[in-house]
Amino acid sequence: MTVRVQAETFDPGAELSAFGQGRADLGAIVSFTGIVRDDAGSLDRMVIEHYPGMTEKAISQIVARAVDRWALADCLVIHRHGSLQPGEQIMMVATASKHRVAAFEAAEYLMDYLKSRAPFWKKEFTRDGATDWVAAKVDDEDALKRWSD
Amino acid sequence: MVEVMYFAWVRERIGEPREKIETKAETVAELVSELRAREPRYAAAFEDLSALRVALDQELADFDAPLKGVREVAFFPPMTGG
């Protein structure tokens, strides 16, 4: 299991190639990469603030629950902070398991929890100088309910 | 003495990322009441508790949680990771 919180960019292709490499017990690998999106065509940059210490702890707890619930063979989470340009990757998750259903579900679970339970906050800076904290969505909170057992 | 930390717009409204606070508050809610009474910038930051989350020693908690033994209290808006 790997959790990395970093300012630097990363290469999703290289990360995915290295993930689960050389393991014959895996039947499925699923990955997701989140990108800085510029809906209105006016975004200059996104700055991601986080809570050093709690961030790593919170993500590790989320990963541990996913690994346990879906008996994952391996799991990778990379999440960036700092200043990011439109089109840059923000984060990535990868899950490895024997079967695809577990890998897909665990990746969705990780994404749902990272969205609402990992201490990151996004601020958008537009080219005209305006700034706006990205608000959490009710949908994101609702998404967690489907995982309660 | 507790270390109180603020993130995102809570940090911006209060104007600093962290401070040490001498308090006899027994719960998070009591600490919030003390902070609100300090200065208008605190009152503004803590105006609507439904818009805030709190972590005690880096674990999410409720506003009625006890502060006994807690070293680090963090206030922030709902998280927007991913």
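A, B, ... follow the sequence lines: proteins, then strands. Residue 1 opens every chain.
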S.K.: Taking the side chain from A:Lys122 and the backbone from B:Gly81, do they hold a donor-acceptor pair closer than 3.5 Å?
M.R.: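 Yes, because the side chain of A:Lys122 sits within donor-acceptor range (under 3.5 Å) of the backbone of B:Gly81.
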S.K.: Determine the minimum heavy-atom distance between B:Arg11 and A:Glu49, stating which atoms define it.
M.R.: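 Closest approach of B:Arg11 to A:Glu49: NH2-OE1, 2.5 Å.
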S.K.: For the CZ atom on B:Arg41, are there more than 12 heavy atoms of other groups (residues, nucleotides or ligands in this structure) within a distance under 6.0 Å?
M.R.: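 Atom CZ in B:Arg41 is packed in, count exceeds 12.
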S.K.: Identify the heavy atoms of B:Thr80 and A:Val134 that sit nearest to each other, and give their distance.
M.R.: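 B:Thr80 and A:Val134 have their closest heavy atoms at CG2-O, 3.4 Å.
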S.K.: Chain B heavy atoms under 4.5 Å from A:His50: which part of the residue, side chain, backbone, both or neither?
M.R.: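 The backbone, not the side chain.
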S.K.: Give a yes or no answer on whether the side chain of A:Lys123 reaches the backbone of B:Trp9 with a donor-acceptor pair at less than 3.5 Å.
M.R.: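 No, because the side chain of A:Lys123 does not come within donor-acceptor range (under 3.5 Å) of the backbone of B:Trp9.
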S.K.: Should we say atom CD of B:Glu26 is surrounded by more than 12 heavy atoms from elsewhere, each under 6.0 Å from it?
M.R.: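 No - once you tally the heavy atoms of other residues, nucleotides and ligands closer than 6.0 Å, there are 12 at most.
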S.K.: Counting only non-hydrogen atoms closer than 4.5 Å, does A:Lys115 touch chain B with its backbone (N, CA, C, O), its side chain (CB onward), both, or neither?
M.R.: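 For A:Lys115, backbone and side chain are both near chain B.
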S.K.: How many angstroms lie between OG1 in A:Thr55 and CE in B:Met79, if you round to the nearest 0.5 Å?
M.R.: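 That separation rounds to 10.0 Å.
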S.K.: Between B:Glu59 and A:Gln61, is any pair of side-chain heavy atoms under 4.5 Å apart?
M.R.: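 A side-chain contact exists here, since the closest heavy-atom pair is under 4.5 Å.
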S.K.: Should A:Phe120 and B:Val10 be regarded as members of a common hydrophobic cluster, given that ILVMFWY residues are connected when their side-chain heavy atoms come within less than 4.5 Å of each other, either directly or indirectly?
M.R.: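 Different clusters.
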S.K.: How many angstroms lie between CE in A:Met54 and CZ in B:Phe7, if you round to the nearest 0.5 Å?
M.R.: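 It is 9.0 Å, given to the nearest 0.5 Å.
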S.K.: Tell me, for A:Arg80 versus chain B, whether the close heavy atoms (under 4.5 Å) come from the side chain, the backbone, both or neither.
M.R.: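 Neither the backbone nor the side chain of A:Arg80 comes within 4.5 Å of chain B.
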S.K.: Count the heavy atoms belonging to other residues, nucleotides or ligands that lie under 6.0 Å from CZ of A:Phe104, then report whether that count exceeds 12.
M.R.: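 Check fails, neighbour count at 12 or below.
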S.K.: Mark yes when over 12 heavy atoms from residues, nucleotides or ligands other than A:Lys98 sit less than 6.0 Å from its NZ; otherwise mark no.
M.R.: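 Result for NZ/A:Lys98: open.
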S.K.: Is the count of non-hydrogen atoms from other residues, nucleotides or ligands lying under 6.0 Å from B:Glu19 atom CD greater than 12?
M.R.: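 Yes, the 6.0 Å shell around CD holds more than 12 heavy atoms from other groups.
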S.K.: What closest approach, in Å, do B:Pro77 and A:Trp121 show between heavy atoms, and which atom pair accounts for it?
M.R.: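 Closest heavy-atom pair between B:Pro77 and A:Trp121: O-NE1, 2.9 Å.
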S.K.: Between A:Ala135 and chain B, with a heavy-atom cut-off of 4.5 Å, which part of the residue counts as in contact: side chain, backbone, both or neither?
M.R.: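 For A:Ala135, the contact with chain B is made by the backbone alone.
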S.K.: In this structure, would A:Met92 and A:Val5 fall into the same cluster of hydrophobic residues linked by side-chain contacts under 4.5 Å?
M.R.: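 No: no chain of side-chain contacts under 4.5 Å links A:Met92 to A:Val5.
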S.K.: Taking all non-hydrogen atoms of both residues into account, name the closest pair between B:Gln58 and A:Tyr51 and its distance.
M.R.: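 Heavy atoms only, the tightest pair is CG-OH, 3.6 Å.
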S.K.: Determine whether more than 12 heavy atoms belonging to other residues, nucleotides or ligands lie under 6.0 Å from atom CZ of B:Arg71.
M.R.: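 No, not enclosed.
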S.K.: Should we count CZ of A:Arg146 as having more than 12 external heavy atoms under 6.0 Å?
M.R.: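 Yes - once you tally the heavy atoms of other residues, nucleotides and ligands closer than 6.0 Å, there are more than 12.
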S.K.: Name the region of B:Ala55, side chain, backbone, both or neither, that has any atom closer than 4.5 Å to a heavy atom of chain A.
M.R.: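 Side chain only.
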